[in-house]
Amino acid sequence: MERKRIYLSSPTMHGEEQAFVQSAFDTNWVAPLGPNVDAFEKEMGDYIGGGYAAALSAGTAAIHLAVILAGVKEGDVVFAQSLTFAASVNPACYEKAKPVFIDSEPDTWNMDPVALEKAFEKYPHPAAVIAVHLYGTPSKIDRIRDICKKHQVPLIEDAAEALGSSFKGQKLGTFGDYGILSFNGNKIITSSGGGMLLCSDEAKIKRARFLATQARDPARYYQHSTIGYNYRMSNVVAGIGRGQLLHLEEHKARKNEIYRQYKEAFADIEAITMNPMNPDGDANNWLSCMTIAPDCSVTPDQVMDALAEYNIETRPIWKPMHLQPVFADCDFIQVKEGRSVSEDIFNRGVCLPSDIKNTPEDMKLIISLIRKVFEK
Ligand SMILES: *Cc1c(COP(=O)(O)O)cnc(C)c1O
């Protein structure tokens with residue numbers, strides 16, 4: 001018999017999700033929009049502590065609308081964190097902008113404010129900055145925001161992996177001119193698929209909802225004065241999201257506990273370092289990650305292979321965008337030439353199983369398998 005699969009991060013449902021979905025069926029609100037969508041937006045706004053939200057079909061759609069609302073146009077330069085998932089950046093390319101990638105700092109693995117400043121010296125007028133809170137760890141978002149303000153450039157804050165995390169007591173997703181959330185299946189809560197655009201400016205959110213519903217002018221016939229999209233969240237999907245939001249804090253507490261367990265279990269192995277926390281922040285620990293010391297002979301592949309043998313899912317650290325074939329012609333700004341922090345993290349890192357359904361036995365097995373690799 002095949003061993004039970006242990007996942008990196010898979011959906012965890014509770015029951016309320018189904019009740020909200022049932023109410024959508026009972027009232028025949030299965031079509032796009034409806035009471036669950038309105039309520040999900042309001043409940044998320046309340047949770048993150050103010051501002052407005054537009055529920056959308058994906059986090060990627062939210063980033064795309066943010067890029068459009070920020071005024072990004074063909075040929076514009078957009079600064080983007082290199083160490084991220086491609087969806088952070090692709091929407092800038094939908095608008096035919098030119099990404100310039102910014103290196104990470106070792107302290108948070110996120111956009112290095114020093115590298116960002118340096119990028120402004122070379123490209124004084126980018127159309128937007130896209131910053132990410134990778135794996136749920138808060139970036140130095142106050143410094144990044146100050147730099148963007150100083151240069152009067154809109155900040156798009158990709159908090160897709162960081163719902164529930166905060167920085168100096170303020171929820172992530174609320175620092176940028178635009179914030180982005182994702183409810184994709186592997187995220188800390190899921191609606192089966194979906195995302196949200198966050199903004200403190202109600203007019204901007206109204207504009208986003210307009211663009212997301214095919215940009216129909218207020219006329220009796222279909223009339224369009226701008227290009228629209230079909231990006232809205234369905235009322236069924238929003239029901240799942242509402243049910244999940246009730247359990248976000250619980251998911252976060254479990255993720256925090258998983259990170260703590262790994263950290264404690266590997267404390268005596270010098271070659272293992274867990275992904276960094278921001279002392280000014282409170283992370284959701286969406287994924288726990290480790291890096292292997294440069295002088296250690298163990299490779300990330302050896303760790304991943306050892307776990308794969310037991311049907312345990314792992315993943316390399318996200319491959320930086322400046323190393324992606326599709327972005328080969330894009331510039332990359334780092335603090336010290338020839339010393340790419342993001343590339344170093346990619347080369348030495350592994351994302352560990354961070355599924356909140358992991359049992360104590362699962363965690364024990366994962367930890368003992370990893371320890372064994374380093375004891376050889
Ligand atoms: C998941 C993710 C996205 C995209 O969200 P989708 O809902 O899958 O479109 C964007 N940015 C980051 C950093 C992500 O991890």
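Every number for a ligand or one of its atoms is a count from 1 in the order of the listing. For the single chain, residues carry numbers from 1 onward in sequence order. These numbers come from a predicted model, not from an experiment.
- For K150 and D146, the salt-bridge test fails: no basic side-chain N is under 4.0 Å from an acidic carboxylate O.
- Ionic pairing of K42 and D38 is not present here: no N-O contact between side-chain nitrogen and carboxylate oxygen is shorter than 4.0 angstrom.
- The cationic group of K357 does not satisfy the cation-pi geometry with Y7, failing either the under 6.0 Å distance to the six-membered ring centre or the 45° limit from the ring axis.
- Between K204 and D177, no side-chain nitrogen of the basic residue sits less than 4.0 Å from a carboxylate oxygen of the acidic one, so the salt-bridge criterion is not met.
- Checked for salt-bridge contact, D103 and R339 miss the test: no charged N lies under 4.0 Å from a carboxylate O.
- Checked against side-chain hydrogen bond (donor to acceptor under 3.5 Å, both in side chains), R209 has the following partners two or more places apart in sequence or in another chain: E41.
- Contact shell of ligand 1 (protein heavy atoms, cutoff 4.0 Å): A58, G59, T60, I63, T84, F85, A87, S88, V132, D158, A160, E161, S182, N184, K187, G194.
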